[in-house]
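All values reported here derive from a predicted model rather than from experimental measurement.
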Amino acid sequence: PAGQIAVSSGEGLWTWDRASGRAHKLADRQARMHGVEFLDADRIAAVGEDGAIAVYDAHSGRVLSSLATAHPLYTMAVIGDGTIAAAGAEGAIQLWNPRTGAARRLTEHHDVLTKLAVFPDGQSLVSACRDGSVQVWRLDGTAPPLRLPGITGVVMAVTVDPLGQRIAAAGEDRQIHVWAADGQPI
């Protein structure tokens, strides 16, 4: 039930029952997992150092579907239609819809991607990179990615406000940078 189960990853995929506090190892995976999110009440998606994006049954741990990539994955975000955005060592963003099988790649970064965030409307995605770049991607492909100015050093976190009007990022420069959705610094 919604709000009754928490999930975490690392050396395996774990669920916790909020009411009892009991942990249950849902699935093993040979590689460390770095990103995990519920797709809905019955499905959990996870990405890891083995380069796989996998969708698990949230109750049994059975793999429902998966997509292999050639490089370690360190971050993921789920877009409103169920598409999974995953990124990592290669510097590319892999978009994959496990229901339809549709997959495509976004390539503009040239270093390890550290974090992804989705706009509330599901139309855009923000990526953070080890090279200090933060980019906004229109997922319909109607515009090239917008590079946001001002960060130096590795970007470790990025988020979009609940209204989709501001983007914030933080990293090694020990500052929080904020931009309007159009890329103008605030």
Which residue pairs satisfy the salt bridge (Lys or Arg N to Asp or Glu O under 4.0 Å) criterion with at least one member in residues 56-66, sequence neighbours excluded?
none
Contacts of D111 that satisfy salt bridge (Lys or Arg N to Asp or Glu O under 4.0 Å) - sequence neighbours left out:
R130
Grab the two heavy atoms, one from V118 and one from A77, that are nearest each other, plus how far apart they are.
CG2-CB, 3.6 Å
If you take all heavy atoms of L26 and S60, which pair is closest and at what distance?
CD1-C, 3.8 Å
Taking all non-hydrogen atoms of both residues into account, name the closest pair between A89 and H71 and its distance.
CB-CB, 4.4 Å
Qualifying ring pair (Phe, Tyr, Trp, His ring centres under 6.0 Å) pairs, either residue in residues 81-106, two or more places apart
none
Partner set under side chain to side chain donor-acceptor pair (under 3.5 Å) for T100, not counting sequence neighbours
none
What closest approach, in Å, do P120 and P162 show between heavy atoms, and which atom pair accounts for it?
CG-O, 3.1 Å
CZ/R104 to CD1/I93 distance, rounded to the nearest 0.5 angstrom?
10.0 Å
For residues 66-85, the salt bridge (Lys or Arg N to Asp or Glu O under 4.0 Å) pairs (sequence neighbours left out) are none
About how many Å separate NE2 of H24 and CG of D17, when rounded to the nearest 0.5 Å?
11.0 Å
Taking atom CZ of R99 as the centre, does the number of heavy atoms from other residues, nucleotides or ligands within less than 6.0 Å exceed 12?
no
Kindly compute the distance separating CG (D42) from CG (L64), expressed to the nearest 0.5 Å.
9.5 Å
Got a donor-acceptor contact below 3.5 angstrom from the T107 side chain to the A92 backbone?
no
Starting from L13, can I reach F38 by hopping between I/L/V/M/F/W/Y residues whose side chains sit under 4.5 Å apart?
yes
Candidate pair L106 and L139, rule side-chain contact (heavy atoms from CB on, under 4.5 Å), full reasoning:
CA-CA 9 Å; L106 304 175; L139 293 174; 4.2 Å; yes
Of all residues at least two apart in sequence or in a different chain, which pass the side-chain contact (heavy atoms from CB on, under 4.5 Å) check with D121?
F119, Q123
For V55 and I84, run side-chain contact (heavy atoms from CB on, under 4.5 Å): C-alpha distance rounded to whole Å, both residues' side-chain angles, the deciding distance at 0.1 Å, then the answer.
CA-CA 10 Å; V55 177; I84 299 166; 4.0 Å; yes
Extract all donor-acceptor atom pairs below 3.5 Å that involve side chains of residues 175-184 and protein atoms in other chains or at least two apart in sequence.
| unit_1 | atom_1 | unit_2 | atom_2 | d |
| --- | --- | --- | --- | --- |
| H177 | NE2 | D173 | OD2 | 2.6 |
| W179 | NE1 | P149 | O | 2.9 |
| D182 | OD1 | Q184 | N | 3.0 |

Grab the two heavy atoms, one from Y56 and one from V63, that are nearest each other, plus how far apart they are.
CE2-CG2, 3.6 Å
In this structure, OH of Y74 is separated from CG of L113 (nearest 0.5 Å) by 11.0 Å
Give every residue pair that meets the side chain to side chain donor-acceptor pair (under 3.5 Å) criterion with at least one member in residues 155-168, sequence neighbours excluded.
D161-R166
Hits for side-chain contact (heavy atoms from CB on, under 4.5 Å) against T75, two or more places apart or cross-chain, chain-then-number order -> A87, K115, L116
Without placing hydrogens or testing angles, list every side-chain donor-acceptor pair under 3.5 Å for residues 43-51, not counting sequence neighbours.
| unit_1 | atom_1 | unit_2 | atom_2 | d |
| --- | --- | --- | --- | --- |
| R43 | NE | D40 | OD2 | 2.9 |
| R43 | NH2 | D40 | OD2 | 3.1 |
| E49 | OE2 | H34 | NE2 | 2.7 |
| D50 | OD1 | R29 | NH2 | 2.9 |
| D50 | OD1 | A52 | N | 3.1 |
| D50 | OD2 | R29 | NE | 3.1 |

Distance, nearest 0.5 Å, that separates CG of N97 from CG of L67
11.0 Å
Do you know which two heavy atoms are closest between A58 and T15, and how far apart they sit?
O-CG2, 4.4 Å
Under a single-linkage definition using a 4.5 Å side-chain heavy-atom cutoff for Ile, Leu, Val, Met, Phe, Trp and Tyr, are L146 and I151 assigned to the same hydrophobic cluster?
yes
Counterpart residues, side-chain contact (heavy atoms from CB on, under 4.5 Å), relative to A23 (two or more places apart)
W14, W16
So, using side-chain contact (heavy atoms from CB on, under 4.5 Å) as the criterion, who are the partners of Q135 when residues are at least two apart?
E108, H109, S127, S133, W137, P145, R147
Verify same cluster id: I79, L39 (apolar side-chain graph, 4.5 Å):
no
